[in-house]
Amino acid sequence: MFKNIEEQLKIIKRGIVDIVREDELVDKLRRSIKSNKPLRIKLGLDPTAPDIHIGNAVPIHKLRHFQELGHTAILIIGDYTAFVGDPSGVNKTRPQLTHKEIKDNTKTYLNQLGKILNLEKTEIHYNSSWFSEMKFTEVISLVSKMTVARMLERDDFTKRYNSGIPISLHEFIYPLMQGYDSIMIRSDVEIGGTDQTFSLLVGRDLQRDKNMEPQVALTTPLLEGTDGNKKMSKSLGNYIGIYEEPKEIFGKVMSIPDNLMCKYFELATDATQEEIESHLKVHPRQTKVNLGKAIIRRYHSEETAERAAKEFDRIFKERKLPDDVSQIQISSEDTGENHKLWLVKLLVLSGFSSTNGEARRLITQGAVSIDDKTLTDPSVEVEIKTGMVLKVGKRRFAKIIVNSTS
RNA sequence: GGGGAGGUACCCGAGUGGCCAAAGGGGACAGACUGUAAAUCUGUUGGCAUAGCCUUCGGAGGUUCGAAUCCUCCUCUCCCCA
């Protein structure tokens, strides 16, 4: 039923950073094969942002690999830990979320997770189901398992502490909560990004303390965002969401620095090592095009990937209009009798600019054109006609529709 | 509990009575160029129908012709001592 150990290890070890400890994993796999019992593989996700992006999808894909190997994928939705806010890798306290935000995020998460995992075969737990029942004495007993010195050993805390950035007490509790999850679901393996290493190891300690066999900690690399140097994250705005429009994904991929292409291939596509190597041999622009397509293919279809690539060429190489220009309604009330509108006002009304000043700036900078004619005079009034195409910058287009009000 | 240092625009950070709508960097946006929403270079980056006016420097008051800068109180953070 299960593949042999070598084959399983080959798949498990692709694209990961570290296994603590590999001998324990081998042992667990051996026993699993012998007793024909799947391993319990844990991945915790805090619904802190409404979207899954290709960076935090890396460990999810790893979980999928285990699922494909016949093991039990276990998702912990950290609806309770999201309250606490994971301090890992951040340099300031995360804002605490409200119940509603967490609930909404959870919903979109599950939707999006279905793109990667087979949810029917996935065990899903909400950690609120145990934490909300917990007594204060139990909290104390959990907290007593950790020392301040060990917490402060962590690089992210040390940095924050040394540079005088506040660390709130509740942030210390986070790794313990994550570890407690491992006890509750009796995980054999836990997957996480390298920034999770500490928490994963705490899980081992806590399980051992409960006389359970400690979980194996499996860490995946962190993917840099589109800016090329910071970890991909929603809050930095350097992410590529798996649920984004294909053309949006494509554009964002095209904007990553060249030297990141290899890593993206490895972590964000299904390409094999040989395929990656051959991709890297062609012209860098073509490599990036292939990368963009490969990423889209993973979440959408082959066809949409092709279309997104073509569309990109049309807009940015040939400087033509995209095939579906979004429409913007302008009420005839705004245009008045003569059907004319101050250009600045038009930009604000159509949402391309939030203030008149910004609109004025865009116009003087030569960013604004109507039906391919660039307009640089901010005081100009333009006649508004249905069907005319307003372009702002290189990538923002809108077709104007005049709404007559009676 | 005692003492000290701080809170500046989207972020970091200079500024310690007028020359401050506030240096510098990052980010963002725009233009040129190109292999792309890469890289590089240049410009813009509080609001306002725009030589001018209005609102910003944790909050509330006060001193002054004039305050981000001085004073008082409040509030939050950091450091040292206990």
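Chain letters run A, B, ... following the sequence lines, proteins first, then strands; residues in each count from 1.
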Give every pair of a protein N or O atom and an N or O atom of nucleotides 74-82 of chain B that lie under 3.5 Å apart, one pair per line with the distance.
none

Item checked: A:Ser350 versus A:Ile328, closest heavy-atom pair with distance -> O-CD1, 3.3 Å
Checklist line | Side chain of A:Arg396 (C-beta onward), nearest among B:rG47, B:rC29, B:rG43 | finding: B:rC29
Checklist line | Atom-pair distance (NZ on A:Lys230; C1' on B:rC12), nearest Å | finding: 10 Å
Margin query: If I take atom CG in residue A:Leu362 and atom P in nucleotide B:rG43, what distance separates them, rounded to the nearest angstrom?
Written below: 18 Å
Next item on the list: To the nearest Å, give me how far apart CG (A:Asn238) and C1' (B:rC10) are.
Entry: 15 Å
Checklist line | Candidates B:rU36, B:rA49, B:rG31 - which lies nearest the side chain of A:Arg285 | finding: B:rU36
Notebook entry, point to check: Under 6.0 Å from the six-membered ring centre of A:Tyr239 and within 45° of its axis: does the NZ or CZ of A:Lys252 meet both?
Noted result: yes
Notebook entry, point to check: In whole angstrom, what separates A:Ile363's CD1 from B:rU44's P?
Noted result: 17 Å
Next item on the list: Establish, for the pair A:Lys293 and A:Phe250, whether the NZ or CZ atom is under 6.0 angstrom from the six-membered ring centre and no further than 45 degrees off its axis.
Entry: no
Tabulate atom names and distances for all N/O pairs under 3.5 angstrom spanning the protein and nucleotides 37-40 of chain B.
residue	atom	partner	partner atom	Å
B:rA37	O2'	A:Ser255	N	3.1
B:rA37	N1	A:Arg395	NH2	2.9

Next item on the list: Give the rounded distance in Å between these two atoms: NZ of A:Lys340 and C1' of B:rA49.
Entry: 17 Å
